[in-house]
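Here's the structure, in structure tokens; my notes come after.
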Amino acid sequence: MEIFNTLTGRKERFCPRDPGRVGMYVCGPTTYNFIHLGNARALVVFDTIRRYFLHKGYRVLFIQNFTDVDDKIINRAREEGMDPHTLAAKYVDEYFVDADALNVRRADVHPKVSDHIPEIIALIEAIIGRGLAYEAGGDVYFAVRKFDGYGRLSRRSLDDLQAGARVEVGEQKKDPLDFALWKAAKPGEPWWESPWGRGRPGWHIECSAMAAKHLGTNFDVHGGGADLIFPHHENEIAQSEGATGMPFARYWIHNGFITIREEKMSKSLGNVFLVRELTRLYPPEALRLFLLSNHYRNPLDYDPEAMEAAVRAVNRLKTCLGLLREFLSGERSAAGETGRGENRLEAVLDELQGRFEAAMDDDFNTALAQAVLFDLTSEVNTCLHQNERRDRETLEKARDLFDAFNRVLGIFPEKNGRIALEAGALGGDLSQGLLELLIALRRDARRNKDFATADRIRDGLRELGITLEDTPQDVRWKISGR
RNA sequence: GGCGGCGUAGCCAAAUGGCUAAGGCGACGGUCUGCAAAACCGUUAUUCGGCGGUUCAAUUCCGCCCGCCGCCUCCA
């Protein structure tokens, strides 16, 4: 298994700190708003990486924090006339609504800054103890020039950084490159008691403290969006390695941005798409498929046409899955006797599994892995529709492979590790009964060659979002659209 | 200015120093169907931004150029 490591700028063979185990820390959202598509990409990418480690048999400890103490939260709370803590708690809840929709699994631990103030203070004291930080007027700053190797992750020299560095009003840095570990409380801001007076943590320190608490030093994977490389992750390294003298994390993984019409999605450009809006427009399966449709390090351009293509692609998968289920449940012909000729599917399943793993082993190439999923779909469709020999055992193996791929890619909701497609139930027995009545009427009309009536029923139902498909045996219906 | 990335068919998007350049969407033709839908079969890049170089051989390695994007400031 090879992973591109931002720290070295190369793909490297993955070798965990402790054999058979993986410790991962991923920077989670600052909870001051609903999450947007960019957040969603990071979530889905790292959820998929985690799932793949699990697939490979590793025991994974996955930590994703919530930054619930931050300037943005304080400002937003002030605007809304809310208490910052209440506001942050609200958006933690809203985060889970969106993450669940995208089939992102819960982390093993979701630590919050507000629950780790003692750890943060202890870490700052350790850094001061090593002579790498100083107190100034109730603030504490990290002295960047005293830490050897600053800039290694982002490949920047101190001189390059010097040019862009600035000092905000009221800051008491000795050097413009220094950054705050602790900020003295201003009136009306949340605060905690500390050796430097009342205040709150700076932006970067919480991740160092929480990662150390839950994963120790030299843990395996640290991830986040590419915009976190500098300064956030660079500063985390400086703090953590400065405090302990030990390596912080072994593999640094960063996902690329979402762009909107080739431009970065950002608040200042006003082109931010919230997951909450998008899940109203598209099935979440399509959103997840889209988010994994190119390599995680490349930019991904959001575009309604691409989303429509993803919706259709998901329907293709769903149709195949539904057909497979029908055969296996015995609803459709006795699987086992039908067909003749070669059993091609049987022969090809192992190869597909091998290709899938090879794709994911190569720096989590989900685009290629998806291609294998579609190849599996084609093979199953051919087997089921053409007059090929097929048997229950092979079809079960094919279904197991679908389930295995989905346990990694997470496109469809799961139950006990298997794909769980909602049965397409209508709201209530009345609707269900009415639909069945209409289908029966249409069947009679077709028998009487009254195709005008038959088509009127089918077209009318389509308008209502129900698609009918005539098959030799019966009529199949499904809820289309969204 | 410094650092990094990208440019592959109508669109999205992988891979690869030589073997048919994946897969999805779309389009076209066919099979099936009362007609559809779904599915299947076939067609849809003699070519991988441009120009040079290395090589027996380059889309793939190197150099230059053009175009696009990101980071260097809060941001996934």
Side-chain angles (χ1 to χ4, degrees), chain A residues 6 9 26-30 35-46 70-72 75 151 154-157 159-166 168 203 223-232 234 254-259 262-268 272 289-290 293-295 297-301 303 305-320 322-323 355 358-359 362 365-375 377-378 380-388 446-447 449-452 454-455 458-459 462 467-472 475-478 480:
Chain A
T6 308
V26 176
C27 290
T30 300
I35 61 168
H36 60 246
L37 235 204
N39 297 307
R41 186 181 195 193
L43 285 177
V44 167
V45 162
F46 287 101
D70 177 88
D71 289 353
K72 291 192 291 289
N75 294 337
S154 54
R155 268 159 246 288
R156 269 172 244 274
S157 71
D159 295 336
D160 293 340
L161 290 167
Q162 186 77 56
R166 23 176 144 140
E168 300 291 329
W203 173 36
D227 50 351
L228 296 181
I229 295 171
F230 187 88
H232 186 57
E234 193 71 71
H254 293 96
N255 63 277
F257 293 115
I258 297 281
T259 56
E262 318 259 292
E263 267 189 336
K264 183 183 170 180
M265 182 173 80
S266 75
K267 278 159 203 130
S268 50
V272 173
L289 189 83
F290 170 70
S293 67
N294 75 349
H295 189 90
R297 279 189 282 118
N298 291 147
L300 177 60
D301 198 47
D303 154 27
E305 275 181 52
M307 278 308 308
E308 292 299 332
V311 171
R312 295 197 178 103
V314 164
N315 283 339
R316 177 174 163 79
L317 298 174
K318 268 190 184 168
T319 300
C320 178
L323 197 63
R355 282 172 52 207
D362 184 9
N365 190 336
T366 55
L368 235 198
Q370 277 189 10
V372 180
L373 179 66
F374 283 102
D375 284 343
T377 302
S378 290
V380 169
N381 280 333
T382 301
C383 176
L384 259 26
H385 283 271
Q386 303 305 103
N387 203 20
E388 279 193 22
R446 291 180 72 218
R447 283 205 184 113
K449 308 270 187 226
D450 178 6
F451 296 120
D455 289 351
R458 186 175 57 192
D459 294 346
R462 173 174 283 280
T467 305
L468 298 188
E469 294 176 8
D470 298 320
T471 73
V475 179
R476 184 185 297 143
W477 62 272
K478 58 189 178 193
S480 52

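In what follows, chains carry the letters A, B, and so on, assigned in the order in which the sequence lines appear, proteins first and then strands, with residues in each chain numbered from 1.
No contact: A:I35 has no heavy atom under 4.0 Å from any strand. Nucleic acid contact for A:G225: sugar-phosphate only, since backbone atoms but no base atoms lie under 4.0 Å from a heavy atom of the residue. Contact annotation for A:G28: no contact, since no heavy-atom pair falls under 4.0 Å across all strands. If you check every strand for non-hydrogen atoms under 4.0 Å, A:L43 touches nothing.
Between A:I229 atom CD1 and B:G70 atom P the separation is 15 Å, expressed in whole Å. Look at CD on A:E234: it is 17 Å from P on B:C71, rounded to the nearest Å. The CZ-C1' distance, from A:F230 to B:C74, rounds to 13 Å in whole Å. Following rounding to the nearest Å, A:L317 (CG) and B:A39 (C1') show an atom-to-atom distance of 14 Å. The distance from atom CG of A:N255 to atom C1' of B:C69 is 16 Å, rounded to the nearest whole Å. Between the NE2 atom of A:H254 and the C1' atom of B:G70 there is a distance of 14 Å, given to the nearest Å. Rounded to a whole Å, the CZ atom of A:R156 is 6 Å from the C1' atom of B:C3. One atom, CG of A:D227, and another, P of B:G70, lie 12 Å apart when rounded to the nearest Å.
On the P atoms, B:G24 is 34 Å away from B:C71, given to the nearest whole Å. B:C32 and B:A37 have their P atoms separated by 15 Å, given to the nearest Å. Rounded to the nearest Å, the gap between the P atom of B:A58 and that of B:G52 is 13 Å. Separating the C1' atom of B:G49 from that of B:A45 is a span of 15 Å, rounded to the nearest Å. If you take atom C1' in B:A38 and the same atom in B:U44, they sit 22 Å apart, rounded to whole Å. Comparing the C1' positions of B:G50 and B:C68 gives an interatomic distance of 15 Å, to the nearest angstrom. Distance noted for atom P between B:G17 and B:U59: 13 Å (whole Å). To the nearest whole angstrom, the two P atoms, one in B:A21 and one in B:U60, are 16 Å apart.
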Please produce a list of atom pairs where a protein N or O lies less than 3.5 Å from an N or O of nucleotides 43-45 of chain B.
none

Taking only N/O atoms, report every protein-nucleotides 27-35 of chain B pair under 3.5 Å with atom names and distance.
residue: B:G34; atom: N7; partner: A:R446; partner atom: NH2; Å: 3.4
residue: B:G34; atom: O6; partner: A:R446; partner atom: NE; Å: 3.2
residue: B:G34; atom: N1; partner: A:D455; partner atom: OD1; Å: 3.0
residue: B:G34; atom: N2; partner: A:D455; partner atom: OD2; Å: 2.8
residue: B:C35; atom: O2; partner: A:R458; partner atom: NH2; Å: 2.7
residue: B:C35; atom: N3; partner: A:R458; partner atom: NH1; Å: 3.0
residue: B:C35; atom: N3; partner: A:R458; partner atom: NH2; Å: 3.2
residue: B:C35; atom: N4; partner: A:D470; partner atom: OD2; Å: 3.1

Please evaluate residues A:D362 and A:L368 with respect to the criterion side chain to side chain contact (heavy atoms under 4.5 Å, CB included), reporting the C-alpha separation (whole Å), side-chain torsions for both, the decisive distance (0.1 Å), and the verdict. CA-CA 10 Å; A:D362 184 9; A:L368 235 198; over 6 Å; no
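Distance check, rounded to the nearest 0.5 Å: CZ of A:R297 to CG of A:N365 gives 9.5 Å. From A:T467, atom OG1 reaches atom CZ of A:R476 across 12.0 Å, with rounding to the nearest 0.5 Å.
Taking 4.5 Å as the limit, every side-chain heavy atom of A:V311 sits out of range of all side-chain heavy atoms of A:F290. Looking at heavy atoms from C-beta onward, A:R446 lies in side-chain contact with A:D470 at the 4.5 angstrom threshold. With a 4.5 Å cut-off on side-chain heavy atoms, A:L300 and A:S293 count as touching.
Stem list for RNA chain B (at least 3 consecutive Watson-Crick or G-U pairs, distances under 3.5 Å): B:1-7 with B:66-72, B:10-12 with B:23-25, B:26-31 with B:39-44, B:49-53 with B:61-65.
Listed nucleotides B:A37, B:C74, B:G70 differ in distance to A:F257; the shortest reach to its side chain belongs to B:G70.
Closest approach of A:A42 to A:N255, counting heavy atoms only: CB-OD1, 3.5 Å. Taking all atoms of both residues into account, the shortest heavy-atom contact from A:M265 to A:G38 is CE-N, 3.2 Å. Nearest heavy-atom pair across A:S154 and A:E234 is OG-OE1, 2.6 Å. When every heavy atom of A:L289 is checked against every heavy atom of A:Q370, the shortest pair comes out as O-NE2, 3.0 Å. A pairwise comparison of heavy atoms in A:R355 and A:D375 identifies NH2-OD2, 2.6 Å as the closest pair.
One finds no salt bridge joining A:R462 and A:D459 here, because no Lys/Arg side-chain nitrogen approaches an Asp/Glu carboxylate oxygen to under 4.0 Å.
Between the side chains of A:R316 and A:S378, at least one donor-acceptor pair of N or O atoms lies under 3.5 Å.
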Using a 4.0 Å cut-off on protein heavy atoms (strictly under), produce a 5'-to-3' string for nucleotides 6-26 of chain B with B for base contact, S for backbone-only sugar-phosphate contact, and - for none. -------SSS------BSSSS
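For the side-chain contact (heavy atoms from CB on, under 4.5 Å) test, residues two or more places apart in sequence or in another chain that qualify with A:A40 are A:L37, A:L102, A:V275, A:L291.
Applying the side-chain hydrogen bond (donor to acceptor under 3.5 Å, both in side chains) test to pairs two or more places apart or on separate chains, those with a residue in residues 35-46 of chain A are A:H36-A:N39, A:R41-A:N294.
Heavy atoms from other residues, nucleotides or ligands lying under 6.0 Å from CD of A:E305 number 12 at most.
Taking only side-chain nitrogens and oxygens, A:K264 never comes nearer than 4.0 Å to OP1 or OP2 of B:A76.
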